[in-house]
Amino acid sequence: MKVAIVTDSTSDLQARAAQLGVEVVPLYVNFQGKIYKDWVEITPADIFAGVAAGAGMPSTSQPSPADFKAAYERALQKADHVLSIHISSKLSGTVGSANLAAQEFPGRVTVFDSLAASMGIGMMVERARELLDQGADLKQVLVELERIRADHIVRFTLATLDYLKKNGRIGGAQALLGGLLGIKPILTVKEGKVEAAGRARGEKKALAEMVESLKTWAAGRQKIRIYYLYNAEESDVAAFKAAVQAAGLPLEERITSSIGGVISTHTGPGLYGYYAYSL
């Protein structure tokens, strides 16, 4: 059985999608009275510049079931089955739209809730493609995706918690802490939701704490795949990558990716961090 993979734009795989043979369905950014396709029609820089100039905070919306139906129709012209891997259902209604569309193709579409975002989705998509190319069947791929979903690490930090607070993605108490005395929040995604994983005074200590979290998690693991994420400029994540590389862990670096407009709408500027899983 030939299996095609569909994902959404919050996987941040746009630069790799064609190479992986994966179709990407865009989410939408609602900003300054217009609706834009994520990654296609708007960038994080557009959003941050607009907000800094006084524009209202943007909002986001998931693809429609019709968007997914069209993607599945295209995929099923070349494959027997579709594996559809998406952003956490606790952060977006995207999985719901995908499930509604899947009902139009009984037994031919499997929707997988990553309970992740950005490179957390991207690493699952890449692993699924790798296994399919090696001859694994759909059941084997799903078992591996469930393993990764249950056992991985994610840490990231932000310049400000204002965006998360205004978009309702993190509690007010954590948002208040982040604004005090140069405290930088360290965040994770736990059971599909953004949660605080720590806090540090200043950039260097935040960076060091995220590396230390990776080292603790990595203990006893033989091979770790790491995916870096950032917004704005890749130079923003360069010092962090150097610190991770200096930790002497058994790392296989896979992808370093900018996040798109939808996730940047909720995080604001100055984000960098990582997702990692072990083989």
Side-chain angles (χ1 to χ4, degrees), residues 7-15 17 24-64 67-68 86-98 113-122 154-172 174-175 178-179 184-190 192-196 227-234 236-237 257-275:
T7 188
D8 62 73
S9 59
T10 64
S11 65
D12 295 328
L13 282 175
Q14 268 65 11
V24 179
V25 179
L27 277 76
Y28 299 96
V29 177
N30 310 306
F31 190 43
Q32 296 180 301
K34 295 183 180 180
I35 298 176
Y36 301 92
K37 291 181 179 179
D38 187 27
W39 272 104
V40 178
E41 298 171 340
I42 194 167
T43 69
D46 297 331
I47 294 167
F48 303 150
V51 171
M57 193 66 69
S59 62
T60 61
S61 54
Q62 69 263 25
S64 68
D67 291 334
F68 278 115
H86 299 295
I87 185 173
S88 170
S89 59
K90 308 290 181 63
L91 298 174
S92 169
T94 298
V95 164
S97 288
D113 183 353
S114 72
L115 293 179
S118 187
M119 283 288 95
I121 314 164
V154 51
R155 292 290 188 275
F156 61 98
T157 188
L158 309 172
T160 172
L161 280 170
D162 289 347
Y163 281 69
L164 278 173
K165 184 179 178 183
K166 289 176 181 176
N167 283 290
R169 292 310 197 272
I170 195 169
Q174 287 90 344
K184 280 191 72 70
I186 298 169
L187 303 174
T188 188
V189 180
K190 185 177 181 181
K193 296 180 180 179
V194 177
E195 294 193 5
Y227 296 72
Y228 298 101
L229 54 146
Y230 67 94
N231 60 15
E233 301 296 332
E234 190 168 345
D236 296 344
V237 78
S257 177
S258 171
I259 64 174
V262 163
I263 294 181
S264 291
T265 290
H266 299 293
T267 65
L271 177 148
Y272 65 86
Y274 63 86
Y275 267 93

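Keep in mind that this is a model prediction, so the values were computed, not measured. Excluded from the calculations below are hydrogen atoms, water molecules and symmetry mates; all remaining heavy atoms, backbone and side chain alike, are included.
- Between L271 and F156, the shortest heavy-atom contact is CD1-CD1, 3.7 Å.
- Judged by distance alone, the side chain of N231 and the main-chain N or O of G270 form a donor-acceptor pair under 3.5 Å.
- Although no hydrogens or angles enter the test, the distance criterion places a donor-acceptor pair under 3.5 Å between the side chain of Y275 and the main chain of A117.
- The side-chain heavy atoms of P44 and I47, taken from C-beta on, include no pair separated by under 4.5 Å.
- Between S264 and Y163, every side-chain heavy-atom pair lies at or beyond the 4.5 Å cut-off.
- Of the possible polar contacts, none joining the T94 side chain to the Q62 backbone as a donor-acceptor pair under 3.5 Å is found.
- For the pair T7 (side chain) and H86 (backbone), a donor-acceptor distance under 3.5 Å is absent.
- Although no hydrogens or angles enter the test, the distance criterion places no donor-acceptor pair under 3.5 Å between the side chain of T188 and the main chain of K190.
- The distance from the CG atom of L13 to the CE atom of M119 is 4.5 Å, given to the nearest 0.5 Å.
- Proximity of a side-chain donor or acceptor of S118 to a complementary backbone N or O of I259 within less than 3.5 Å is not detected.
- A 4.5 Å side-chain heavy-atom check between Q14 and S9 finds at least one atom pair inside the cut-off.
- Taking OG of S59 as the reference point, atom OH of Y28 lies at 13.5 Å (rounded to 0.5 Å).
- Shown here for F31 and Y36, the closest heavy-atom pair between the two residues is O-CE1, 3.6 Å.
- With K37 contributing its side chain and L27 its backbone, the two residues share no donor-acceptor pair below 3.5 Å.
- The OG atom of S258 sits 5.0 Å away from the OH atom of Y230 when rounded to the nearest 0.5 Å.
- Side-chain N or O atoms of D38 include one that pairs as donor or acceptor with a backbone N or O of G261 at under 3.5 Å.
- Note that the OH atom of Y272 and the CG atom of L229 stand 11.5 Å from one another [nearest 0.5 Å].
- Annotation for W39 and G260: closest pair NE1-CA, 3.5 Å, computed over non-hydrogen atoms.
- One distance of note links CG of D113 with CD1 of I121; it measures 9.5 Å at 0.5 Å rounding.
- Here the closest heavy-atom approach between residue V24 and residue D8 is recorded as CG1-C, 3.6 Å.
- Between T10 and I263, the shortest heavy-atom contact is O-CD1, 3.6 Å.
- A donor-acceptor pair under 3.5 Å is formed between the side chain of T157 and the backbone N or O of P185.
- Shown here for L115 and S89, the closest heavy-atom pair between the two residues is CD2-OG, 4.4 Å.
- Residues D12 and Y227 have side chains that never bring a donor and an acceptor to within less than 3.5 angstrom of each other.
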